[in-house]
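Right, one structure below, let's go through it.
Note that these values count all heavy atoms, side chains included, but never hydrogens, waters or copies made by symmetry. Each chain gets a letter, A, B and so on, in the order its sequence line appears, and its residues count up from 1. Keep in mind the model is a prediction, meaning the values are calculated, not measured.
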Amino acid sequence: MRMDPQELLSLCKRRGFLWPAYDIYGSVAGLYDYGPLGAALKNNIEDHWRRLYVQGEGFQEISCPIVAPEPVFKASGHVDAFSDMYVECTKCGETFRADHLAAGLHANPASLGEDELGKMLRESGVLCPECGGGLTAPKRFNLMFKTSIGAGRGKTAYLRPETAQGMFVNFSQVYRYGREKLPVGAVQIGRAFRNEISPRQGLIRLRELNMMEAELFVHPEDKSWPKFRDVRAEVVPLVPNKGPPSSVALEEAVKAGVIRNEVLAYFMWLTYKFALDIGLDPKRLRFRQHESTEMAHYASDCWDLEAEIGYGWTELVGVADRGCFDVKAHLDHSGADLTSFERYDEPREVEMEVVKPNFGALGPLFKDKSKLIAEALSKLPAEAAKDQDKVTVDVEGEALVVPSSCYEVSKRKEKVSGRKLVPHVIEPSYGVDRLLFSLLDHVYSKKDEYIVLRLKGLVAPIKVGVFPLMARDGLGEIATSIFDSLVKAGIAAYYDDSGSIGRRYARMDEIGTPCCVTVDYDTKSDGTVTVRDRDSAEQVRVKKEEVAEVVKALISGASFESLRSPQD
RNA sequence: GCGGCUGUAGUCUAGCGGUUAGGACUGAAGCUUCCCAAGCUUUAAGCCCGGGUUCAAAUCCCGGCAGCCGCACCA
């Protein structure tokens, strides 16, 4: 049974995971604050992701500005594709996508401006499909937050709607830093902004969100991946866009063409591993392949990792093969050489025909324009000039006729040592907030009004609670010194000496603290303390000097049972 | 953005035109040799915001904001 998200949000607010942002001014939909526990949990999730991608797979972590000038998003397609035109019915108030209503009237209605589209709808007498009422003029709504850089009119800019573009535009730097090899990858963890029309559902649809994105630049013709061999037998739950859901080995899925290539399959596996590592429930996870109609303008294959939570199946991660779309777009718009150079094993001798300017004839005829004409001539394809008695070249907008006496077409041998390639991009894109919220949903458990978050030690915001059984008789001093030693060992610990011991355990259980250490009267005589396991509520006694070591073992996954000595 | 429902301490809730707005849990201080939200004492904290109707508004009306559900949207 799915849980009531309201209940979870209530806990989050009560215990300091999440607060609606700007609450005292009435809040803004789609903006949340992370409280102390939420911020810690978020950091822990991000740190683990970093371990997998940066340390484990060798991606370069970079950090780019959130504000970007307009041309970046012109190139990426966001200025145009990220905005929609709406019309409203003046009678029933229903809203419609203007370009959808114009389907059939124009080959590509989405490419038209507001005025053109409005005129077309009006002249064709298009009415409200619901009630037949009149329609307003189209209004454009762009999901990016617009701003400007600098004073006065400034420079039009936008808050980034994804962190990806920062990595695409830095391809050359990343490629160079990576010693000019493919594949090479970059990652970025940071904020992105989307001015959603109607934010809903807690952290699921936010206006300011946290993303962890990886962009892997690969050879366009080679999407194999050496480490794929290590995981080829692994099974992940797949829901392909054709055929029934299946859980098959990755190798089989790639062979059958269900998953398009090895790299994609590998990073789907890594994504699945990450999800399990942080503690999401495998029974409530699946990879769903985008329908071909749903696929974004850039993607050639895309799989979403979805989790089943109180709101239903929810997309947490998208793993997409974006082809060459992004890099090509920035290459075309900026003119920068965003290519990788593939060196041939042996340099090749290539014989080619070239147009060679004859300066002796050019000079007297064209005077100071000769140099520019010569450059233009060299760029001409040989076929265009061969066996002609004249050619026309374009020099600074002027069409000039150049007689064949001014050039000759000759064969030239050239050594070609490689070729330039526009890399393809494999993009795993993670929504931090959604991951965090889904994780809380999956670890939430309640029995007779007693709430326990079964967070793994890896991500738990607080790793251990430290309590004196009584705040007297010197127990407090011993507990404080244990607390200090834990802090010194770099473990997030929480000291509490107020209220009954049961209440203190309950407080820690409710925020997912994996274990608690209690100093009691025996501690004074034999130097041992109890360590309590959150999920079983069982206890073992350990020497107080060993507490830090034991806690470290527990939070890195050791079973509670393994703490028991044989004689226990 | 449209339609429906909703808004009382940190949380859950009582209230139905005139109440010092009541309770429970939580929080804080303390008592109780106290290992699983025990008990007792003390204490803090609330009518989403703004207009209107009325002698009088948490309560009725309007607008805003926020939440939930449906539609649309989610590149």
Exercise for review: Determine, using ring centers only, whether F193(A) and Y158(A) are less than 6.0 Å apart.
Suggested key: no

Check your understanding: Base, sugar-phosphate, or nothing for R200(A), non-hydrogen atoms under 4.0 angstrom?
Key -> base

Review point. Out of C36(B), U33(B), C68(B), which has the shortest distance to the side chain of R472(A)?
Key: U33(B)

Practice item. Could you check whether G318(A) gets within reach of a base, just the sugar-phosphate, or nothing at all, counting any heavy atom under 4.0 Å? Key: nothing

Study note, to complete from the structure: Of A37(B), C68(B), A75(B), the nucleotide closest to the side chain of Y311(A) is C68(B)

Revision key, fill the gap. Considering only heavy side-chain atoms of I501(A), the closest of C34(B), A37(B), A66(B) is C34(B)

Review point. Does Y25(A) make a side-chain donor-acceptor contact with the base of C49(B), cut-off 3.5 Å?
Key: no

Check your understanding: What interatomic distance, in whole Å, is found between C1' of C2(B) and the corresponding atom of C73(B)?
Key -> 12 Å

Review point. Using the C1' atom in both, what is the distance from U6(B) to A24(B), to the nearest Å?
Key: 22 Å

Check your understanding: Whole-Å distance between C34(B) C1' and M470(A) CE?
Key -> 6 Å

**Study point:** R15(A) bridged to E510(A) by N-O distance under 4.0 Å
**Key:** yes

Practice item. Could you give the distance separating U59(B) and G17(B) at their C1' atoms, to the nearest angstrom? Key: 7 Å

Point to revise | P gap between G46(B) and G23(B), integer Å | key: 15 Å

Study note, to complete from the structure: Heavy-atom closest pair (R207(A) atom, F145(A) atom, distance to 0.1 Å) is O-CE1, 3.8 Å

Check your understanding: Between atom CG in D497(A) and atom C1' in C35(B), what is the gap in whole Å?
Key -> 16 Å

Check your understanding: Y521(A) side chain: which of C35(B), G1(B), U33(B) is closest?
Key -> U33(B)

Revision key, fill the gap. For C55(B), the nucleotide meeting Watson-Crick or G-U wobble distances (both under 3.5 Å) is G18(B)

Practice item. Could you tell me which nucleotide pairs with C25(B) by Watson-Crick or G-U wobble geometry, both distances under 3.5 Å, or answer none if nothing does? Key: G10(B)

Check your understanding: Is a donor-acceptor contact shorter than 3.5 angstrom present between the side chain of E196(A) and the base of C74(B)?
Key -> no

Practice item. Mind calculating the distance between CD1 (I204(A)) and C1' (G67(B)) to the nearest angstrom? Key: 15 Å

Practice item. For G18(B) versus A57(B), give the span between their C1' atoms, rounded off to a whole number of Å. Key: 10 Å

Check your understanding: Going through the distances and angles, do W49(A) and Y430(A) end up as a ring pair (Phe, Tyr, Trp, His ring centres under 6.0 Å)?
Key -> CA-CA 10 Å; W49(A) 192 83; Y430(A) 295 60; 5.5 Å; yes

Practice item. Nearest whole angstrom, please: distance from the P of G27(B) to the CG of L11(A). Key: 13 Å

Review point. So what does S27(A) touch, heavy atoms closer than 4.0 Å: a base, only the sugar-phosphate, or nothing?
Key: sugar-phosphate

Review point. G1(B) C1' sits how many Å from N195(A) CG, rounded?
Key: 12 Å

Practice item. Pick base, sugar-phosphate or nothing for S198(A), based on heavy-atom distances below 4.0 Å to the nucleic acid. Key: base

Review point. Does any donor-acceptor pair link the side chain of R205(A) with the base of C73(B) at a separation under 3.5 Å?
Key: yes

**Study point:** Base-pairing mate for C31(B) - Watson-Crick or G-U, with both contacts under 3.5 Å
**Key:** G39(B)

**Study point:** Whole-angstrom distance between G30(B) and G15(B), as gauged at atom C1'
**Key:** 34 Å

Check your understanding: Do R507(A) and G27(B) have a side chain to base donor-acceptor pair shorter than 3.5 Å?
Key -> no

Study note, to complete from the structure: Note: for R194(A) and G26(A) on RNA chain B, the residue whose nearest nucleotide lies more 5' is G26(A)

Review point. Using purine N1 to pyrimidine N3 plus N6-O4 or O6-N4 for Watson-Crick, or N1-O2 and O6-N3 for G-U wobble, both under 3.5 Å, which nucleotide pairs with G1(B)?
Key: C71(B)

Review point. Given atom CG of D509(A) and atom P of C35(B), what is their separation to the nearest angstrom?
Key: 17 Å

Check your understanding: Which is true for R532(A) with a 4.0 Å heavy-atom rule: it touches a base, it touches only sugar-phosphate, or it touches nothing?
Key -> base

Point to revise | Euclidean distance, atom NZ of residue K74(A) to atom P of A75(B) [Å, nearest integer] | key: 20 Å

Review point. If you measure from the C1' atom in C68(B) to the same atom in U32(B), how many Å do you get, rounded?
Key: 46 Å

Check your understanding: When you check the phosphate oxygens OP1 and OP2 of A38(B), does a side-chain N or O of S500(A) lie under 4.0 Å from one of them?
Key -> yes

Point to revise | Under-4.0 Å side-chain N/O to phosphate OP1/OP2 contact, R503(A) with A38(B) | key: yes

Point to revise | Integer angstrom distance from the C1' of A45(B) to that of A9(B) | key: 5 Å

Point to revise | CA sep, side-chain torsions, deciding dist, call: R541(A), D520(A), salt bridge (charged side-chain N to carboxylate O under 4.0 Å, His left out) | key: CA-CA 11 Å; R541(A) 295 200 77 90; D520(A) 58 17; 2.9 Å; yes

Check your understanding: For Q201(A), which contact category applies under a 4.0 Å heavy-atom criterion: base, sugar-phosphate, or nothing?
Key -> sugar-phosphate

Point to revise | Short side-chain donor-acceptor distance under 3.5 Å, H424(A) and K223(A) | key: yes

Point to revise | salt bridge (charged side-chain N to carboxylate O under 4.0 Å, His left out) evaluation trace for E7(A) with K446(A) | key: CA-CA 11 Å; E7(A) 209 177 285; K446(A) 188 160 103 172; 3.2 Å; yes

Check your understanding: Under 4.0 angstrom, heavy atoms only, what part of the nucleic acid is A537(A) near: base, sugar-phosphate, or nothing?
Key -> base

Point to revise | Mate of G63(B) where both pairing distances stay under 3.5 Å, Watson-Crick or G-U | key: C49(B)

Revision key, fill the gap. On RNA chain B, more 5' by nearest nucleotide between Y32(A) and I197(A) is I197(A)

Check your understanding: Taking atom C1' of C74(B) as reference, at what distance in whole Å does atom CG of D304(A) sit?
Key -> 12 Å

Point to revise | R286(A) to W313(A), cation-pi by 6.0 Å centre distance and 45° axis angle | key: yes

